[in-house]
Amino acid sequence: MKAPAGLASELIARQRELAAHVDHDDHFAWPPARVAAVDAAFPGNGKITRGAAVLFSFPELECLDRAVSELPTALPYIPGLLSFRELPAIRSALEQLRETPDVILCDGQGIAHPRRFGIACHLGVDTGFPTAGVGKSRLCGQFSEPGKEKGSTSILLDRAEEIGTVVRTRTGVKPLFVSVGHRISLATAVRLTLECAPRYRLPEPIRSADRLAGMTGGVQLSARCSR
DNA sequence: GCGACAG
DNA sequence: ATCTTGTCGC
């Protein structure tokens with residue numbers, strides 16, 4: 001899968017414009033009652049983009065609803081332009097949830113991005129929902145390794161700017177890269193991430209969205225959600 | 001030109 | 001992301 005000539009520069013220009021709309025302040029009451037998470041998978045040799053969205057109660061972290069949506073893949077993976085590839089299917093899945101979330105966790109970066117407009121920012125600015133970016137690895141920025149203990153953090157810096165927090169959600173495991181998506185502060189994004197991850201490295205909602213996106217159309221057993 | 005590079 | 005088996009560690 002290839003990207004049309006010249007498209008990349010257009011998308012980069014669009015990111016620069018939209019980045020001006022990102023809001024770094026909290027716009028929802030703590031604690032949130034419902035937390036959603038989204039993710040995408042690429043079955044069929046990458047020909048299909050499957051977006052997944054899950055809705056969890058907070059702080060109980062019980063699954064309330066989930067939805068998936070498939071669309072033909074339109075773009076290849078290009079570092080820095082991930083949101084244009086995954087968001088169409090993700091937004092579609094999100095619209096199928098029967099209740100709206102107070103905040104959404106995204107698998108990927110928020111402002112911890114070259115142009116400060118990662119997928120979490122893009123989804124937030126597009127929908128108006130508060131969003132937080134939770135990446136499993138670094139896209140840009142420098143950081144020192146946080147302490148080995150669960151809850152340890154360090155600052156993610158880029159061009160002398162604090163763009164995120166490196167968070168150890170489990171003792172001894174690789175840390176997560178948390179950043180502001182939209183309508184949320186970095187401190188709240190970090191707190192939400194840690195409180196959603198009482199047992200595993202990844203926050204429960206994201207683990208759930210990951211599994212949902214990764215499974216084929218077959219029937220799924222185990223703990224069903226309400227539907 | 002060289003190195004880096006979310007998912 | 002996706003392709004893939006066994007294997008190390010608690």
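Lettering of chains follows the sequences in order, A, B, ..., and the numbering in each one begins at 1. Computed over heavy atoms, backbone and side chain alike; hydrogens, waters and symmetry mates excluded.
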*Where does DNA chain C form stems of at least three consecutive Watson-Crick or G-U wobble pairs, each pair having both distances below 3.5 Å?*
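DNA chain C forms no stems at all.
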Quick check with a 6.0 Å cut-off and a 45 degree axis cone: is A:Arg207 positioned over the face of A:Tyr200's six-membered ring?
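Yes, a cation-pi geometry holds between A:Arg207 and A:Tyr200.
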Can you confirm if the NZ or CZ of A:Arg14 lies within 45° of the ring axis of A:Phe117 and under 6.0 Å from the centre of its six-membered ring?
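Relative to the ring axis of A:Phe117, which defines the angle, A:Arg14 lies outside at least one limit.
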What are the two closest non-hydrogen atoms of [X] and [Y], and how far apart are they?
{"X": "A:Cys140", "Y": "A:Pro114", "value": "SG-N, 3.7 Å"}
{"X": "A:Val38", "Y": "A:Cys106", "value": "CG2-SG, 4.1 Å"}
{"X": "A:Ala40", "Y": "A:Ala213", "value": "C-CB, 4.0 Å"}
{"X": "A:Gly46", "Y": "A:Thr73", "value": "O-OG1, 2.8 Å"}

*Identify the residue among A:Met1, A:Lys47, A:Arg50, A:Glu86 that makes a side chain to side chain contact (heavy atoms under 4.5 Å, CB included) with A:Phe42.*
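One option only clears the test, and that one is A:Glu86.
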Taking atom types as modelled and ignoring hydrogens, do the side chains of A:Asp26 and A:Ser185 form a donor-acceptor contact shorter than 3.5 angstrom?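 The answer is yes; a qualifying pair exists.
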Residues A:Thr153 and A:Thr165: side-chain donor-acceptor under 3.5 angstrom: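 No pair is found: no donor N or O on one side chain lies under 3.5 Å from an acceptor on the other.
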Under a 4.0 Å heavy-atom criterion, the protein footprint on nucleotides 1-7 of chain B, written with B, S and -, is ---SBBB
Whether each nucleotide of nucleotides 3-10 of chain C has a protein heavy atom under 4.0 Å at its base (B), only at its sugar-phosphate (S) or at neither (-) is summarised, 5' to 3', as --------
- Query: So A:Leu202 and A:Asp210, side-chain contact (heavy atoms from CB on, under 4.5 Å) or not? Walk me through it.
  - Reply: CA-CA 10 Å; A:Leu202 291 178; A:Asp210 250 304; 3.9 Å; yes
>> Could you go through A:Leu7 and A:Leu75, starting from their C-alpha distance and side-chain angles, then the distance that decides it, and tell me whether this counts as side-chain contact (heavy atoms from CB on, under 4.5 Å)?
In response: CA-CA 10 Å; A:Leu7 178 59; A:Leu75 294 173; 3.4 Å; yes
Writing each nucleotide of DNA chain B 5' to 3' as (, ), [, ], | or . by Watson-Crick or G-U pairing under 3.5 Å yields .......
With under 30° as parallel and over 60° as perpendicular, where do the rings of A:Phe84 and A:His122 fit, or are they tilted in between?
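Judged by the thresholds at 30° and 60°, the geometry between A:Phe84 and A:His122 is perpendicular.
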TODO: Only one of A:Gln142, A:Arg116, A:Arg138 passes side chain to side chain donor-acceptor pair (under 3.5 Å) with A:Asp158; say which it is.
DONE: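 The passing option is A:Arg116.
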Margin query: I'd like to know if A:Arg183 and A:Asp25 make a salt bridge, using a cut-off of under 4.0 Å between side-chain N and carboxylate O.
Written below: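 Salt bridge flag = no for A:Asp25 with A:Arg183.
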Counting only pairs under 3.5 Å, give me each side-chain donor-acceptor contact of residues 127-137 of chain A, with atom names and distances, residues two or more places apart or in other chains.
| residue | atom | partner | partner atom | Å |
| --- | --- | --- | --- | --- |
| A:Thr127 | OG1 | A:Leu123 | O | 2.8 |
| A:Thr127 | OG1 | A:Phe129 | N | 3.3 |
| A:Thr131 | OG1 | A:Ala120 | O | 2.6 |
| A:Thr131 | OG1 | A:His182 | N | 3.1 |
| A:Lys136 | NZ | A:Asp107 | OD1 | 2.8 |
| A:Lys136 | NZ | A:Asp107 | OD2 | 3.1 |

message = Can you pull out the residues from residues 161-182 of chain A that lie within a 4.0 Å heavy-atom distance of DNA chain B?
response =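 Result for residues 161-182 of chain A: none.
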